[in-house]
Protein chains: 2
Amino acid sequence: MTRAPGTDHRTLPRRRGAALNSAIFAAVRAEIAESGYAGLTMERVAERARASKASLYRRWPGRAALVLDAAYDAMPDYSSTPDTGSLRGDVLALMRQIVLLLDGVVGEAMIGLLGESLQNPDAAAQIREFGRGNMVRTMREIVGRAVARGECDAGLVTERRLEAGPALLRQRVIFSGLPVSDDYLQEVVDDVVLPLFGVRPEVQPEG
Amino acid sequence: MTRAPGTDHRTLPRRRGAALNSAIFAAVRAEIAESGYAGLTMERVAERARASKASLYRRWPGRAALVLDAAYDAMPDYSSTPDTGSLRGDVLALMRQIVLLLDGVVGEAMIGLLGESLQNPDAAAQIREFGRGNMVRTMREIVGRAVARGECDAGLVTERRLEAGPALLRQRVIFSGLPVSDDYLQEVVDDVVLPLFGVRPEVQPEG
DNA sequence: CCTCATAGAAAACGTTGAGTTCTCTAATGC
DNA sequence: GCATTAGAGAACTCAACGTTTTCTATGAGG
C-alpha cells in the first residue's frame with residue numbers, strides 16, 4: 001500500500017516472462033478466492049501482483065482470457081480414473097473428483113467463465129472447450145472397462161447415455177449453486193447411470 | 001434522435017404505470033433482439049422507450065431484475081402439455097416447445113440471466129427460480145399419465161429420472177450454444193428418457 | 001564490460017455505463 | 001380547480017475498462 005518514502009518504484013527489481021506470469025496467475029486466484037469472479041477487476045489483479053495493467057493487456061485481451069489461463073494453470077489432472085473394479089465405484093469416484101474440483105477456486109473460475117460465455121457469445125467458443133468433453137471422455141473409458149468386464153452390454157453405450165450422468169451433475173451445480181451432496185451423486189448413479197447401462201445397483205460397501 | 005426544433009420535451013405527453021411498463025418491456029426485448037443480452041444497457045433501454053433512467057431505477061434495482069420482468073412479461077404458458085397418447089410423443093412435444101422458446105428473444109434473455117446468476121451469486125436466487133422446476137413439473141405430469149395408461153411402472157419414477165431429459169437438453173443449449181436439432185431430441189428421448197422409465201421405443205410415425 | 005532493444009512499473013488519460021439527483025411539468029385523484 | 005404523484009431529460013459522480021506515456025531494469029549481443 002504505502003511505500004517507504006524515498007523509494008522510486010522504477011528502481012525496484014522487476015520480474016519478466018514466466019515469473020511474472022505466475023505471479024499474475026496467483027493474484028487472479030487470490031482475488032477470486034477473496035471476492036469471487038464477479039468482484040475480480042483487472043486493476044486489482046495488477047495491484048495485487050504488483051504488475052501494471054499494461055503488462056496484463058500485453059498478454060491477454062481481457063478478463064475472460066486471463067482467468068481462463070489462470071484456471072488452466074491451476075487445473076489438476078483429473079483424467080486419472082481410478083479403477084475401482086465396478087462401474088458404480090468408478091462413476092462415483094469420477095463424480096466425487098469433479099465435485100471436489102468445483103468446490104475450489106478453479107471451480108469458481110470455471111463457473112464464472114461459463115457465465116461469461118452465456119452473456120457474450122463472442123468469447124464463448126474458447127471458454128466452452130474448457131471442461132467440456134473431459135468428463136464424458138472419462139465416462140467413456142469407465143464404461144468401456146465395464147463392458148470389458150462383462151458388467152454391461154456394449155450395445156447400450158451411446159453418446160447420450162454417457163452424457164446423462166455428467167449432465168445431471170452439471171445441472172445441479174449450475175442451477176442450485178450449492179455444494180453437491182454425496183447422496184445426490186449416489187442417486188444419480190443408482191437411479192440413472194447404472195440403469196441406463198443395464199447394471200443392477202447391487203448393494204455395495206461404499207465405492 | 002434530433003427533435004423538432006422548438007419542441008420542449010417537458011410538454012410532450014407522458015405515459016405512466018402499466019403503459020410505461022409495457023413500453024419499457026418492449027424496449028428491453030427490442031434491445032436484446034438487436035444487440036443480445038451483453039449489449040443491453042440501461043441507457044439505451046431508456047432512450048428507446050423514451051423513458052428516463054430515473055424511471056427505470058424507480059421500478060427495478062438493476063439490469064438483471066429489469067430483464068427478468070421483461071422476460072416474464074413475454075413468457076408463453078408452456079405448462080400446457082399436449083396429451084399425445086404416448087410417453088414418447090409427450091416428451092418430444094414438451095422438448096420441442098422448449099427448444100422453440102429458447103430460440104427467441106425470451107430464450108436469449110433467459111440464457112443471459114443464467115450467465116448473470118453464475119457470476120453474481122447475490123442476484124442468483126431469484127433468477128434461478130425462473131425456468132427451473134417448470135420443465136421437471138411438466139415431466140412429472142407426462143410420466144404420471146404414462147403410468148396411468150399402464151405404459152410404465154410407477155416404481156421407476158424418481159426425481160433424478162425425471163430430471164435426466166431436461167438436464168440433457170439444458171446442457172446442450174448451455175454448452176453448445178447452437179440451436180438444438182430435432183435429431184438430438186429424439187436421441188435423448190429414445191436413448192435415455194424411455195429406457196429410464198422402462199418404455200420400449202417402439203417405432204412411431206413421428207410424435 | 002559496454003550497448004541496445006525489449007519489456008515492465010507506475011501514473012495519467014479518454015470512454016463507457018452504472019446509478020443518483022436535480023428541475024420542470026404532465027397526469028391523476030380529490 | 002388544486003395538490004400530489006410520477007415522469008422526462010439532463011447533469012453528475014463513480015468505478016472500471018483499455019490505452020498511452022515516461023522512465024528504467026533486464027538480458028542479449030558484441
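Residue numbers begin at 1 in each chain, while the letters A, B, ... track the order of the sequences. These numbers come from the heavy atoms of this one structure, side chains and all, not from hydrogens, waters or symmetry mates.
- The minimum heavy-atom distance between Ser35(B) and Arg44(B), with the atom names listed, is OG-NH2, 3.1 Å.
- Contact of the Val136(B) side chain with the Glu159(B) side chain is registered, since non-hydrogen atoms from C-beta on lie closer than 4.5 Å.
- Distances shown here put a side-chain N or O of Ser55(A) below 4.0 Å from the OP1 or OP2 atom of dA9(C).
- Taking atom CG on Leu56(A) and atom C1' on dA16(D), their separation rounds to 13 Å, with Å as the unit.
- For Arg16(B) against dT28(C), a side-chain-to-base donor-acceptor contact under 3.5 Å is absent.
- Distance from the side chain of Ala54(B) is smallest to dT21(C) among dT21(C), dA10(C), dA8(D).
- Of the candidate nucleotides dG19(C), dC17(D), dA27(C), dC17(D) has the atom nearest to the side chain of Glu43(A).
- For the side chain to side chain contact (heavy atoms under 4.5 Å, CB included) criterion with Val143(A), the lone passing option out of Asp90(A), Thr138(A), Leu162(A) is Leu162(A).
- When all heavy atoms of Glu31(A) and Val45(A) are compared, the pair lying nearest together is CG-CG2, 4.1 Å.
- Between Arg59(B) and the phosphate of dA6(D), there is no side-chain N or O to OP1/OP2 separation shorter than 4.0 Å.
- Side-chain proximity of Ala51(B) to dG8(C), dA27(C), dA8(D): nearest is dA8(D).
- At whole-Å resolution of the value, CZ in Arg50(A) and P in dA25(D) are 13 Å apart.
- Straight-line distance from the CZ atom of Arg15(B) to the C1' atom of dT5(D): 17 Å, rounded to whole Å.
- Rounded to a whole Å, the CZ atom of Arg48(B) is 18 Å from the C1' atom of dG17(C).
- Rounded to whole Å, the distance from CZ on Arg14(B) to P on dG7(D) is 9 Å.
- Formation of a donor-acceptor pair under 3.5 Å by the Arg63(A) side chain with backbone atoms of Leu40(A) is found in this model.
- At dT5(D), none of the side-chain N or O atoms of Arg58(B) fall inside 4.0 Å of OP1 or OP2 (strictly under the cut-off).
- Atom OH of Tyr57(B) is separated from atom C1' of dC14(D) by 13 Å (rounded to the nearest Å).
- Remark: P of dG19(C) and CG of Leu40(B) are 12 Å apart, rounded to the nearest angstrom.
- OP1 or OP2 of dT16(C) has not a single side-chain nitrogen or oxygen of Arg44(B) nearer than 4.0 Å.
- Atom pair Lys53(A):NZ and dT21(D):C1' shows a separation of 14 Å (rounding to whole Å applied).
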